[in-house]
Amino acid sequence: MTAKTSFEITDGVAVLRLDDGKANAVGYDTLESIDAALTEAEQSAGALMIEGREGRFSAGFDLSVIGEGPEAAQALVAAGARTAARIYGAQVPVVAACTGHALAFGAIMLLSSDVRIGADVEAKIGLTEVSIGMPLPIFAVELARDRLSPRHFTAATSLATVFSPRGAVEAGYLDEVVAADDLHDAALERAGALAGYVRRTAFGLTRRTTRKATIDNILSTLDENIKSFGVLD
């Protein structure tokens, strides 16, 4: 784990906390930490919980990398897509504790997770790419199509609508909101319950049945589709 993340396994639940002291921007180091946490959770735990810092789940990809140019942006987004697909296809349940703002890749991490519990705070949640002149990649569209309410799909994707936590429940980014002070315990309790209840082999086989086609589509289209990312309108 990097200095921007911390990881522990407690009572069968692997807990990854993202905290860069700022907006929890996602660069290669954070993606590596998420991948490592998934591997460890699949080997040694019954569930994985991903938690942000106070007020910030994640503001999305690291703009210092995106700003290096289209090729750098495309490489980081492709790496993020593969990590999102790993979360989405994890062999253990994944619970996201959304502590606040979750934009762009932060919102994608919510879409990739099985259970999403948010803090009832003033925060923005959504896919903002179109609003800054970037096309939404196929992997984000497919995750949104699977997890969001069909009634909110166009607003969330093509119209780059940003939601409050309570609005995000209606849209489908979150499953519920709780008081900010209760979020950690609520998410940990839910992850612990899943770790004790869900049977690994049955979960893994069902995961493959329900999500393999989407994951295959994401990965097979990624290299070609990502060429359009990072080109500002």
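Just so it is clear, the values below take in all heavy atoms, side chains as well, and ignore hydrogens, waters and symmetry mates.
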message: What verdict does the side chain to side chain contact (heavy atoms under 4.5 Å, CB included) test give for Glu122 and Ser164, after you've listed the backbone C-alpha separation in whole Å, the side-chain angles of each residue and the deciding distance to 0.1 Å?
response: CA-CA 7 Å; Glu122 291 188 11; Ser164 69; over 6 Å; no
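- With rounding to the nearest 0.5 Å, the separation of CE in Met49 from CG in Leu194 is 12.5 Å.
- Taking CD of Glu71 as the reference point, atom CG of Leu76 lies at 14.0 Å (rounded to 0.5 Å).
- In this structure, Tyr197 places its OH atom where only 12 or fewer heavy-atom neighbours from other residues, nucleotides or ligands lie under 6.0 Å away.
- Atom CG of Asn217 sits about 9.0 Å away from atom CZ of Arg145, to the nearest 0.5 Å.
- Distance check, rounded to the nearest 0.5 Å: CD1 of Ile50 to CZ of Phe7 gives 10.5 Å.
- Scanning both residues, Ala102 and Phe57, for their nearest heavy atoms gives CB-CD2, 4.0 Å.
- Taking the side chain as every heavy atom from C-beta outward, Arg207 and Lys212 never approach each other to under 4.5 Å.
- The backbone N or O of Leu18 lies less than 3.5 Å from a partner atom in the side chain of Asn24, making a donor-acceptor pair.
- Residues Asp182 and Arg190 are not paired through a salt bridge, judged by the lack of any N-O separation under 4.0 Å between the basic side chain and the carboxylate.
- Residues satisfying the salt bridge (Lys or Arg N to Asp or Glu O under 4.0 Å) criterion with Asp11, sequence neighbours excluded, are absent altogether.
- Between Met109 and Ser58, the shortest heavy-atom distance links the atoms CE-CB, 3.7 Å.
- Smallest separation of non-hydrogen atoms from Val92 and Gly46: CB-O, 3.8 Å.
- Side-chain N or O atoms of Asn225 include none that pairs as donor or acceptor with a backbone N or O of Pro137 at under 3.5 Å.
- Distance check: Asp62 CG to Lys22 NZ gives 9.5 Å after rounding to the nearest 0.5 Å.
- Test Leu38, Thr30, Ile34 against Leu16 for side chain to side chain contact (heavy atoms under 4.5 Å, CB included) and you get one pass: Ile34.
- Tracing side-chain contacts under 4.5 Å through hydrophobic residues (I, L, V, M, F, W, Y), one never reaches Leu205 starting from Val198; they form parts of separate clusters.
- For the pair His101 (side chain) and Lys124 (backbone), a donor-acceptor distance under 3.5 Å is present.
- Applying the 6.0 Å contact sphere to CD of Glu176 captures more than 12 heavy atoms from other residues, nucleotides or ligands.
- Of the candidates Arg200, Arg86, Gln91, Arg86 is the only one forming a side chain to side chain donor-acceptor pair (under 3.5 Å) with Glu42.
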query: Under the side chain to side chain contact (heavy atoms under 4.5 Å, CB included) criterion, do Asp20 and Arg56 qualify, and how do the steps go?
result: CA-CA 10 Å; Asp20 66 359; Arg56 304 285 189 276; over 6 Å; no
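- Residues Arg211 and Arg208 have side chains not in contact (no heavy-atom distance under 4.5 Å, counting atoms from C-beta outward).
- One distance of note links OG1 of Thr5 with CD of Glu51; it measures 13.0 Å at 0.5 Å rounding.
- In terms of heavy-atom proximity, Ala84 sits nearest to Phe105 at CB-CE1, 4.2 Å.
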Salt bridge (Lys or Arg N to Asp or Glu O under 4.0 Å) between Lys4 and Asp19, intermediate numbers included: CA-CA 5 Å; Lys4 298 179 181 180; Asp19 186 356; over 6 Å; no
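- Taking the six-membered ring where the residue is Trp, His152 and Phe163 present perpendicular rings, their angle passing 60° and hence far from 30°.
- Looking only at distances, no side-chain donor or acceptor of Glu129 sits under 3.5 Å from a matching main-chain atom of Leu136.
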query: For Val26 and Leu31, what are the C-alpha separation, side-chain angles and deciding distance, and is it a side chain to side chain contact (heavy atoms under 4.5 Å, CB included)?
result: CA-CA 7 Å; Val26 175; Leu31 293 175; 3.6 Å; yes
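- Side-chain contact check for Thr99 versus Glu54: every heavy-atom pair is 4.5 Å or farther apart.
- Using a 4.5 Å heavy-atom cutoff, the side chains of Ser113 and Val95 are not in contact.
- A cation-pi arrangement is absent between Arg116 and Tyr173, since the terminal nitrogen or guanidinium carbon is not both under 6.0 Å from the aromatic centre and inside a 45° cone about the axis.
- Between Leu127 and Ala107, the closest heavy-atom pair is CD2-CB, 4.0 Å.
- The main-chain N or O of Leu148 is never found under 3.5 Å from a side-chain atom of Arg151 such that the two would form a donor-acceptor pair.
- Note on Val121: it does not cluster hydrophobically with Leu183, by side-chain heavy-atom contacts below 4.5 Å among ILVMFWY residues.
- Side-chain atoms of Thr39 come within 3.5 Å of backbone atoms of Asp35 as a donor-acceptor pair (strictly under, hydrogens ignored).
- Ile117 and Leu174 sit in two unconnected hydrophobic clusters of ILVMFWY residues. Membership requires side-chain heavy atoms under 4.5 Å apart, directly or through other members.
- Using a 4.5 Å heavy-atom cutoff, the side chains of Val115 and Pro93 are not in contact.
- In this structure Thr128 satisfies the side chain to side chain contact (heavy atoms under 4.5 Å, CB included) test together with Leu103, Ala104, Ser131, Val162, sequence neighbours excluded.
- Both Tyr88 and Phe139 are assigned to one and the same hydrophobic cluster, defined by single-linkage of ILVMFWY side chains at heavy-atom distances under 4.5 Å.
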task: Test side chain to side chain contact (heavy atoms under 4.5 Å, CB included) on Ile218 and Asp216 and set out the steps.
output: CA-CA 5 Å; Ile218 287 171; Asp216 286 349; over 6 Å; no
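- Of all heavy-atom pairs spanning Ala45 and Gly12, the tightest one is CB-O, 3.4 Å.
- Hydrophobic cluster membership differs between Val94 and Val15, with clusters built from Ile, Leu, Val, Met, Phe, Trp and Tyr side chains linked at under 4.5 angstrom.
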